[in-house]
Amino acid sequence: MRTTVVVIGAGQAGLAMSWWLARRGIDHVVLERGEVANTWRTQRWDSLTLLTPNWQSRLPGYAYRGDDADGYRSMPQTIAFLESYARYVASPLRTGTAVTRVRRHDAGYEVVTDQGTWQSRAVVLATGAFNVPVVPKIAEAIPADIVQVTTGRYRNPGELPDGGVLVVGAAASGAQIADEIHRSGRPVTLAVGEHVRAPRVYRGRDIQWWMDASGLNDERYDQIEDIARARSLPSFQLAGYSDRRNVDLNSLAAIGVKLVGRLAGISEGKAQFSGSLRNVCELADLKMNRLLHTLDEWALAHGRDRELGPAERFEATQVDESPTLVQDFERADIRSIVWATGFRPDYSWLEVPVLDRKGNIRHDGGVVQVSPGLYVLGLPFLRRRKSTLIDGVGDDAQEISAHIGAWLGSRTDSHATATADA
Ligand SMILES: Cc1cc2nc3c(=O)[nH]c(=O)nc-3n(C[C@H](O)[C@H](O)[C@H](O)COP(=O)(O)OP(=O)(O)OC[C@H]3O[C@@H](n4cnc5c(N)ncnc54)[C@H](O)[C@@H]3O)c2cc1C
């Protein structure tokens, strides 16, 4: 089978790319191993709601039309939203088609799937940034009778054994899951490493309103001093609850969650926690205050100050004088562990030598220059701060599809009638 561009993945990134390719008249197919929105169907817990308000789920040609623009979608609503976008885009979609190998072939690529082989001029990897859980090696030393799950497998507290739970990682997922499990009656210990604190609502507006209006979400990858670091930062410690409450370390400590430092080691049935808890919390407070200061300055400079509530500063994170450094799993009755330690992409099927020694794709804003015709979409800070957000992938897809169009157009043997009108 032949086409001009193969797009792999039918999450928001693959669908947004399909919309732009169609707009440019570029022949393509979208291959998806599961169904549309497969990751939202298979790797999210039951109570999860989006961190981004409904108005912020903007995709190319598509915006929120309901009457709850400031609400946060549940998972079934998110899946329904992406399904309806797929119908709107009318992508040339092949679901139930897993890509098992991509390699260079003649002047383009060969994409092998469990439903046959495609040949194309270009390939877009829209397979997601969060495929494989990153669990530290020390997990191997966890006593065998302790149940371990990652956030991609966790569904609800009822699936965990009774007794205490250690949640490792305090970004959005870890904080929300710790909150939910503790409220279910299972005492939670939360191991806290570097995290990014942000209030849900600031001066009467959702923090995502500020990130959008101030242009911070639009900051570009080529204007950031340390892009490698920006790409590795954890998500905001936030939740999309209908009461808009903060889920931060203070709110968790207030309901009884025990805060400890980063999980540093496991030895003889005991967990060892880093002594850096106070430092990482102070750093997170400092950075949050810096962000709020930047937002205040933006409001003042853009004449928005008077329509907003007064500037606020939040209570510093309260940390025990001497947090626990060693905890015996048995004595503390810890029966399960939830690893909320992040994910990495899976390129195990990619046979084009474009990965660095850490397994990341070498790319310049999604263009894999060392292998012309290969592109990637949906990675953290790919072209903008918002690149992994539903709201962010459209702008990236527009620019990358323009690059694809120009690249195809510059080749005499192109099948495409592309225009680079980004
Ligand atoms: C817990 C969590 C909460 C999030 N909350 C928000 C939020 O509130 N708001 C927001 O804007 N963003 C949120 N995000 C970030 C982002 O929107 C999601 O990660 C989203 O799923 C990314 O979309 P994507 O299309 O890039 O990748 P995915 O949704 O992962 O889509 C990739 C697709 O590729 C398919 N695929 C992978 N490998 C193959 C293969 N070999 N062959 C064929 N198909 C393949 C997968 O089945 C999948 O359908 C959240 C992320 C996580 C992890």
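Values below: all heavy atoms of this structure, side chains included; hydrogens, waters and symmetry mates excluded. Whatever order the structure lists ligands and atoms in, that order sets their numbers, starting from 1.
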NZ or CZ of Arg103 within 45° of Tyr109 ring axis and under 6.0 Å: no
Note: ligand 1 atoms sitting under 4.0 Å from heavy atoms of Ser173 are 1 (C)
Atom 49 (O) of ligand 1 sits nearest the protein heavy atom Glu32 OE1, 2.6 Å
Has ligand 1 got any nitrogen or oxygen that is less than 3.5 angstrom from a nitrogen or oxygen of Asp391? no
Ala13 N/O to ligand 1 N/O under 3.5 Å: yes
List the closest protein heavy-atom neighbour of atom 12 (N) of ligand 1: residue, atom name, distance to the nearest 0.1 Å. Leu389 CD2, 3.8 Å
Between Asp296 and Arg313, does at least one N-O distance fall below 4.0 Å, as a salt bridge requires? yes
Option set Leu51, Leu15, Thr97, criterion heavy-atom distance to atom 8 (O) of ligand 1, minimum: Leu51
Looking at atom 28 (P) of ligand 1, what's its closest protein heavy atom, distance included? Thr39 OG1, 3.4 Å
Ligand 1 atoms nearer than 4.0 angstrom to some heavy atom of Leu50 are 7 (C), 8 (O)
Just list the side-chain donor-acceptor pairs under 3.5 Å for residues 188-196, sequence neighbours left out, or say none.
unit_1: Glu194; atom_1: OE2; unit_2: Arg229; atom_2: NH2; d: 2.5
unit_1: His195; atom_1: ND1; unit_2: Gly193; atom_2: O; d: 2.9

Which of the atoms in ligand 1, numbered in the order shown and given with their element, are less than 4.0 Å from a heavy-atom of Ala126? 32 (C), 33 (C), 34 (O)
Quick one: which ligand 1 atoms are inside 4.0 Å of a heavy atom on Trp349? 41 (N)
Mind checking whether Gln12 has an N or O less than 3.5 Å away from an N or O of ligand 1? yes
Which residue and heavy atom of the protein sit nearest atom 27 (O) of ligand 1, plus the separation: Gly128 CA, 3.4 Å
Under 3.5 Å, is there a donor-acceptor pair between the side chain of Thr113 and the main chain of Gly116? yes
Would you find a donor on one side and an acceptor on the other, under 3.5 Å apart, between the side chain of Thr3 and the backbone of Val6? no
Main-chain N/O of Ile361 paired with Asp356 side-chain donor or acceptor, under 3.5 Å: no
Is the distance from the ring center of Tyr62 to that of Tyr88 below 6.0 Å? yes
Ignoring hydrogens, just give me the one of Thr113, Ile390, Val393, Val99 whose non-hydrogen atom is nearest atom 11 (O) of ligand 1. Ile390
Counting only heavy atoms closer than 4.0 Å, does ligand 1 sit against the backbone of Phe343, its side chain, both, or neither? neither
Please determine if Arg41 and Glu83 form a salt bridge, counting it only when a charged side-chain N lies under 4.0 Å from a carboxylate O. yes
Any nitrogen or oxygen of Trp45, side chain or backbone, less than 3.5 Å from one on ligand 1? no
Are Asp212 and Arg58 within salt-bridge range, i.e. N to O under 4.0 Å? yes
Please identify which atoms of ligand 1 are closer than 4.0 Å to at least one heavy atom of Phe130. 19 (O)
How are the rings of Phe314 and Tyr202 set to each other: parallel, tilted or perpendicular (split at 30° and 60°)? tilted
I want to know if ligand 1 touches Thr388 in the polar sense, i.e. an N/O pair below 3.5 angstrom. yes
Could you tell me which atoms of ligand 1, counted from 1 in the order shown, lie closer than 4.0 angstrom to a heavy atom of Gly9? 33 (C), 34 (O), 35 (C)
Ionic contact status for Arg383 with Glu399, cut-off 4.0 Å: yes
Can you tell whether the side chains of Arg197 and Asp285 come within less than 4.0 Å, N to carboxylate O? yes
What protein heavy atom lies closest to atom 13 (C) of ligand 1? Include the residue and the distance to one decimal. Trp40 CH2, 3.7 Å
How would you list, by chain and number, every residue that makes a side chain to side chain donor-acceptor pair (under 3.5 Å) with Glu180, sequence neighbours excluded? Ser47, Tyr154
Electrostatic pair Asp162-Arg186, nearest N-O below 4.0 angstrom: yes
Which option out of Gln43, Glu35, Arg44 puts a heavy atom nearest to atom 21 (O) of ligand 1? Arg44
Non-hydrogen atom of Val36 closer than 4.0 Å to ligand 1: no
Measure from atom 3 (C) of ligand 1 to every heavy atom in Thr127, Thr52, Leu382, Leu48 and give the option owning the shortest one. Leu48
Atom 44 (N) of ligand 1: which of Arg101, Gln208, Arg33, Lys386 has the nearest heavy atom? Arg33
